[in-house]
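FYI, side chains are in, hydrogens and waters are out, and symmetry mates aren't considered; it's all heavy atoms of this structure.
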Amino acid sequence: MARNVSTRRKIVVTVVAWTIGILIFFPILWTFLTSFKTEAEAIASPPSLFFFDWTTENYHEVQSRSNYFLHFMNSVVVSFGSTLIGLIIAIPSAWAMAFSPTKRTKDVLMWMLSTKMMPSVGVLVPMYLLFRNTGLLDTRTGLVIVLTLINLPIIIWMLYTYFKEIPGEILEAARMDGASLSNEIIYVLTPMAIPGIASTLLLNIILAWNEAFWTLNLSAAKAAPLTAFIASYSSPEGLFYAKLSAASTMAIAPILILGWFSQKQLVRGLTFGAVK
């Protein structure tokens with residue numbers, strides 16, 4: 001039987017939720033507004049929120065100074081490429097751990113999760129030397145490989161959680177009907193886990209898009225994604241806040257739009273199996 005929620009409780013929860021949402025969104029709003037200010041207005045004290053002389057000069061200067069389209073395409077190739085390769089590897093792995101577990105399965109899962117706790121800077125030097133010696137430095141291929149390896153534990157863990165919610169009897173029925181292992185994964189398991197796979201896909205695209213440490217250290221000009229595009233506006237001469245805000249807005253706009261239009265699928269996938 002459903003609980004009766006009082007009107008007062010609904011109002012309180014709504015106000016708290018909106019307050020938290022505004023606090024989280026405010027830095028993005030501030031960056032967006034600052035991108036339309038002059039440098040003098042960007043550092044003015046006290047700052048003005050809406051009442052200032054709006055200008056698009058920063059966007060024109062950013063576009064004339066940098067090849068935004070090149071950085072954008074690098075981000076698209078690196079984020080989507082690493083995520084798709086990760087899914088190709090993770091789906092069979094998660095299937096094996098969910099439906100054919102061994103006594104070491106939990107240990108392997110915990111080991112994979114523990115790799116995310118290691119500081120990235122701890123392996124920077126060997127990774128840099130490895131990339132330099134193999135010719136992968138400042139290449140899209142190199143960034144796709146490293147981001148695939150970084151996000152693979154998360155992809156496997158998420159898919160493992162979703163696959164555990166799928167009844168094993170369905171897969172057994174498919175085997176009895178003569179389905180091979182590959183057909184079982186492709187035609188039975190994958191369609192049933194579409195919400196979980198979609199949310200995993202979207203979440204890891206966002207993680208790869210926002211990755212800054214490895215992209216800044218393993219790329220220079222040819223393969224530099226939008227994270228490097230933003231960092232290029234921080235110079236020894238100082239921070240140009242208006243131009244930096246314009247570059248940041250141009251870098252985060254595509255992923256914000258993707259997240260906005262796919263929020264239903266993302267929430268559905270993240271809550272898959274949570275409600276019995």
Side-chain angles (χ1 to χ4, degrees), residues 75-118 120 123 127 130-131 136 139-168 170-172 174-175 179-215 218 225 255 258-259 262-274:
S75 287
V76 170
V77 171
V78 169
S79 57
F80 281 81
S82 62
T83 302
L84 290 176
I85 294 175
L87 283 176
I88 293 173
I89 298 172
I91 289 177
S93 302
W95 173 89
M97 293 180 180
F99 299 107
S100 298
T102 66
K103 62 180 181 179
R104 297 294 183 185
T105 295
K106 291 185 178 180
D107 295 334
V108 172
L109 285 169
M110 291 305 300
W111 172 78
M112 287 191 298
L113 188 62
S114 68
T115 61
K116 295 296 296 179
M117 303 175 188
M118 181 179 64
S120 300
V123 293
M127 287 291 292
L130 181 63
F131 272 55
L136 293 174
T139 63
R140 291 177 176 177
T141 302
L143 292 181
V144 167
I145 292 173
V146 72
L147 292 183
T148 299
L149 297 176
I150 289 171
N151 293 328
L152 189 59
I154 297 177
I155 300 175
I156 292 178
W157 259 94
M158 291 184 67
L159 292 180
Y160 170 78
T161 303
Y162 301 135
F163 290 173
K164 288 289 288 183
E165 299 296 328
I166 297 176
I170 297 178
L171 301 182
E172 292 178 3
R175 294 190 203 109
S180 63
L181 179 60
S182 59
N183 289 336
E184 177 185 331
I185 295 176
I186 296 173
Y187 298 110
V188 181
L189 179 67
T190 302
M192 294 183 64
I194 284 296
I197 294 175
S199 65
T200 303
L201 176 74
L202 293 170
L203 181 61
N204 283 274
I205 286 175
I206 294 172
L207 292 175
W209 189 281
N210 294 332
E211 175 61 40
F213 180 82
W214 291 109
T215 55
L218 299 180
I255 204 68
L258 175 65
S262 59
Q263 57 182 318
K264 290 184 178 180
Q265 290 80 5
L266 186 60
V267 172
R268 181 186 176 192
L270 291 175
T271 57
F272 182 73

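Closest heavy-atom contact between Ile155 and Ala90: CG2-CB, 3.4 Å. Scanning all heavy atoms of the two residues, the minimum distance from Phe131 to Leu143 falls at CE2-N, 4.4 Å. The nearest pair of heavy atoms linking Ser79 to Trp209 is OG-CE3, 3.6 Å. The two residues Val144 and Gly81 make their nearest non-hydrogen contact at CG1-C, 4.0 Å. Closest heavy-atom contact between Phe163 and Phe99: O-CZ, 3.2 Å. Of all heavy-atom pairs spanning Ile89 and Ser93, the tightest one is O-OG, 2.9 Å.
Residues Thr83 and Leu202 have side chains not in contact (no heavy-atom distance under 4.5 Å, counting atoms from C-beta outward).
Looking at Ser82, its side chain never comes within 3.5 Å of a backbone N or O of Thr148 through a donor-acceptor pair. Panel note: side chain Lys116, backbone Ile150; a donor-acceptor pair is recorded below 3.5 Å. Looking at Trp157, its side chain does come within 3.5 Å of a backbone N or O of Leu109 through a donor-acceptor pair. Side chain of Ser199 to backbone of Gly196: a donor-acceptor contact under 3.5 angstrom is found.
Annotation: the span from Asn183 atom CG to Tyr187 atom OH amounts to 6.0 Å, rounded to 0.5 Å. Considering CG of Leu159 and CE of Met97, their distance stands at 11.0 Å, rounded to 0.5 Å. For the atom pair CG (Asp107) and CE (Met110), the distance works out to 9.0 Å, reported to the nearest 0.5 Å. A distance of 11.0 Å separates CD1 in Ile156 from OG1 in Thr200, rounded to the nearest 0.5 Å.
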Side chain to side chain contact (heavy atoms under 4.5 Å, CB included) between Glu211 and Leu207, worked out: CA-CA 6 Å; Glu211 175 61 40; Leu207 292 175; over 6 Å; no
Test side chain to side chain contact (heavy atoms under 4.5 Å, CB included) applied to Leu147 and Asn204, step by step: CA-CA 10 Å; Leu147 292 183; Asn204 283 274; over 6 Å; no
Audit row: Leu87, Leu201, side chain to side chain contact (heavy atoms under 4.5 Å, CB included) steps and yes/no: CA-CA 8 Å; Leu87 283 176; Leu201 176 74; 3.6 Å; yes
Side chain to side chain contact (heavy atoms under 4.5 Å, CB included) between Ile91 and Ile197, intermediate numbers included: CA-CA 9 Å; Ile91 289 177; Ile197 294 175; 4.1 Å; yes
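No more than 12 heavy atoms of other residues, nucleotides or ligands lie within 6.0 Å of NZ in Lys106, so this atom counts as exposed by the packing criterion. Few gaps surround CZ on Phe213; more than 12 heavy atoms of other groups in view lie less than 6.0 Å from it.
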